[in-house]
Asks: 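Encoded as structure tokens, here's the structure I'll be asking about.
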2 protein chains.
Amino acid sequence: MNSRRAKSDGDGDRPVISRRRISESTIRRLSIYYRALSALEGEGYHTVSSKDLARREKLTPAQVRKDLSFFGSFGTRGLGYPTKELKTRIAAILGVDQTWNVGLIGAGNIGSALVSYKEFQKQGFVINAIFDNDQRKIGSNHKGIVISDIKDLAAEVKKRNIQIVVIAVPAAAAQQACDVAVEAGIKAILNFAPINLKVPNGVTLRTENMAMEIEYLSFTLTNHMRPIPT
Amino acid sequence: MNSRRAKSDGDGDRPVISRRRISESTIRRLSIYYRALSALEGEGYHTVSSKDLARREKLTPAQVRKDLSFFGSFGTRGLGYPTKELKTRIAAILGVDQTWNVGLIGAGNIGSALVSYKEFQKQGFVINAIFDNDQRKIGSNHKGIVISDIKDLAAEVKKRNIQIVVIAVPAAAAQQACDVAVEAGIKAILNFAPINLKVPNGVTLRTENMAMEIEYLSFTLTNHMRPIPT
DNA sequence: AATTGTGAAATTGTTCACAGCA
DNA sequence: TGCTGTGAACAATTTCACAATT
């Protein structure tokens with residue numbers, strides 16, 4: 001049943017997920033499936049086929065099945081996937097079946113927007129600490145969260161068991177903020193500054209570069225191109 | 001020197017850029033090179049090699065050369081690329097050598113943050129219209145830009161020659177906002193709502209999904225994985 | 001001596017196509 | 001019959017490796 005052939009991945013044992021390295025695109029699509037399943041569940045579908053998911057998200061059915069197959073066999077031949085259960089499984093794979101404590105560095109425009117961003121909260125990402133280096137902001141209260149001095153980051157990370165740090169400071173200050181987070185033992189960083197940060201091995205960094213996306217649009221407009229299907 | 005050699009798109013001749021389809025990843029990296037070159041120029045480098053660029057952005061030299069080669073031969077063997085000129089060339093390719101008029105739909109948290117986002121302005125993306133459907137917001141002034149009723153979007157698009165629309169409304173309202181933009185003739189849309197929007201052929205849509213990025217982090221933390229190099 | 005530009009090779013990712021099951 | 005799960009075929013992307021050039 002569980003076609004999981006435990007595999008060794010270098011040396012020791014290796015988990016569930018593996019033998020083959022899961023690609024970044026597969027993980028991204030898992031997020032997509034998760035959101036689609038939430039919607040489908042709300043629409044009353046008890047069962048969903050790879051075709052349904054594919055049509056809804058503009059992918060191919062084979063792609064959906066292949067992605068899911070890396071993690072196990074969740075479907076029933078002839079029937080499809082049980083909506084609710086598949087959603088639960090994907091939530092477990094993505095780790096959104098738990099709460100993550102998130103620290104935010106930077107209480108500026110983007111930072112403020114993120115504190116109110118519903119989608120984070122809905123998925124269990126709870127911002128419970130905000131850091132800044134502006135003395136005028138420190139000590140003040142933002143949506144019920146006190147803004148701390150970035151100097152106290154390590155202490156707060158420990159005290160509040162913060163696992164993820166979001167960087168929302170200007171580009172010039174971003175590497176320093178990143179270093180502070182790494183120094184405090186953080187292993188996952190989401191960066192909104194338009195700059196390539198350096199992190200040591202073992203720390204996962206994702207950079208959300210909004211300028212890059214709008215430049216892509218400008219490229220297609222400039223070159224009269226048909227959009228490259230995403 | 002607008003090096004844009006007009007091209008027909010389907011049968012006839014094909015431009016500079018092309019004959020081979022430029023991949024999305026190449027375009028993204030062009031944005032990266034552009035930013036790196038701006039920095040290098042500021043640091044006083046007159047010349048830069050593919051190796052320099054690669055090291056700086058954690059890519060391979062071959063990748064840099066291959067990407068650039070799709071658009072022409074900008075370098076000198078033995079020497080490298082002229083920093084300033086390469087930057088100018090890439091700016092022309094990306095279309096950031098001109099000003100783009102951007103309309104923003106949604107005057108909420110994310111929308112407000114975008115209006116103040118320096119990186120957009122720096123690259124020539126000027127938000128000069130804001131739309132909302134909340135009567136309390138309409139008519140008020142946000143950073144010098146009057147908030148208009150979304151009903152007037154088509155008229156404003158025409159009047160202000162708006163070429164790009166940014167959607168920053170809740171997921172439930174996003175498709176409708178998108179339809180309005182498409183109806184007004186917009187060909188490039190940047191969407192911040194966590195939902196897969198439908199657009200007709202000929203319209204380029206990019207979706208910036210912040211939840212997806214943080215879920216990726218949660219995945220790596222959950223699975224004790226080494227980060228997949230980006 | 002150094003570095004580009006680029007075919008060819010290697011790798012990675014996607015789609016096909018079909019056996020296996022419900 | 002319908003749809004999953006998956007190896008094999010195919011396609012796209014990246015890296016290699018080297019001739020060309022300064």
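For the numbers below, each heavy atom of this structure counts, side chains included, while hydrogens, waters and symmetry mates do not. Reminder, nothing fancy here: chain letters follow the sequence lines and each chain counts from 1.
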Asks: For A:Y33, enumerate each residue passing the side-chain hydrogen bond (donor to acceptor under 3.5 Å, both in side chains) test, keeping only those at least two apart in sequence or located in another chain.
Replies: A:D67

Asks: Go through the side-chain N and O atoms of A:D179 and A:Q175 and say whether any donor and acceptor fall under 3.5 Å apart.
Replies: yes

Asks: Just how far, in rounded Å, is C1' of D:dG5 from CZ of A:F71?
Replies: 15 Å

Asks: I need the residues from residues 37-51 of chain B with at least one non-hydrogen atom less than 4.0 Å from DNA chain D; give them sorted by number, or say none.
Replies: none

Asks: Checking A:Y34 now: which residues fulfil ring pair (Phe, Tyr, Trp, His ring centres under 6.0 Å) with it, not counting sequence neighbours?
Replies: none

Asks: Any heavy-atom pair between the side chains of B:P200 and B:V182 that's under 4.5 Å?
Replies: yes

Asks: Without placing hydrogens or testing angles, list every side-chain donor-acceptor pair under 3.5 Å for residues 108-115 of chain A, not counting sequence neighbours.
Replies:
from	atom 1	to	atom 2	distance (Å)
A:S112	OG	A:G108	O	2.7
A:S112	OG	A:H142	NE2	3.2

Asks: Using whole Å, report how far CG of A:L30 lies from P of C:dG13.
Replies: 15 Å

Asks: Strictly below 4.0 Å, heavy-atom distances to any atom of DNA chain D: list the hits from residues 74-84 of chain A, or just say none.
Replies: A:F74, A:G75, A:T76, A:R77, A:G78, A:L79, A:G80, A:Y81

Asks: List the residues meeting side-chain hydrogen bond (donor to acceptor under 3.5 Å, both in side chains) with A:S25, not counting sequence neighbours, and say none if there are none.
Replies: A:S23

Asks: Provide, to the nearest angstrom, the distance between the CG atom belonging to B:L59 and the P atom belonging to D:dT13.
Replies: 16 Å

Asks: Please enumerate all residues that pass side-chain contact (heavy atoms from CB on, under 4.5 Å) together with B:P170, with sequence neighbours excluded.
Replies: none

Asks: Using whole Å, what does the distance between atom P of nucleotide C:dG13 and atom CD1 of A:I27 come to?
Replies: 10 Å

Asks: Between A:S25 and B:S69, who's closer to the 5' end of DNA chain C by nearest nucleotide?
Replies: B:S69

Asks: Please list, chain by chain and in numerical order, all residues satisfying side-chain contact (heavy atoms from CB on, under 4.5 Å) with B:S49, sequence neighbours excluded.
Replies: B:K51, B:D52

Asks: Check side-chain hydrogen bond (donor to acceptor under 3.5 Å, both in side chains) between B:E85 and all other residues, then give those that pass, not counting sequence neighbours.
Replies: none

Asks: Using the side-chain hydrogen bond (donor to acceptor under 3.5 Å, both in side chains) rule, collect all pairs that involve residues 180-191 of chain A, keeping only residues at least two apart or in two chains.
Replies: A:N191-A:T207

Asks: Starting at atom CZ of B:R21, determine the distance to atom P of D:dT13, rounded to an integer number of angstrom.
Replies: 9 Å

Asks: Report the residues that fulfil ring pair (Phe, Tyr, Trp, His ring centres under 6.0 Å) with A:F74, sequence neighbours left out, ordered by chain and then residue number.
Replies: none

Asks: For DNA chain D, which residues of residues 60-68 of chain B approach it to below 4.0 angstrom with any heavy atom?
Replies: B:T60, B:A62, B:Q63, B:R65, B:K66

Asks: Using whole Å, report how far CD of B:E24 lies from P of C:dT12.
Replies: 20 Å

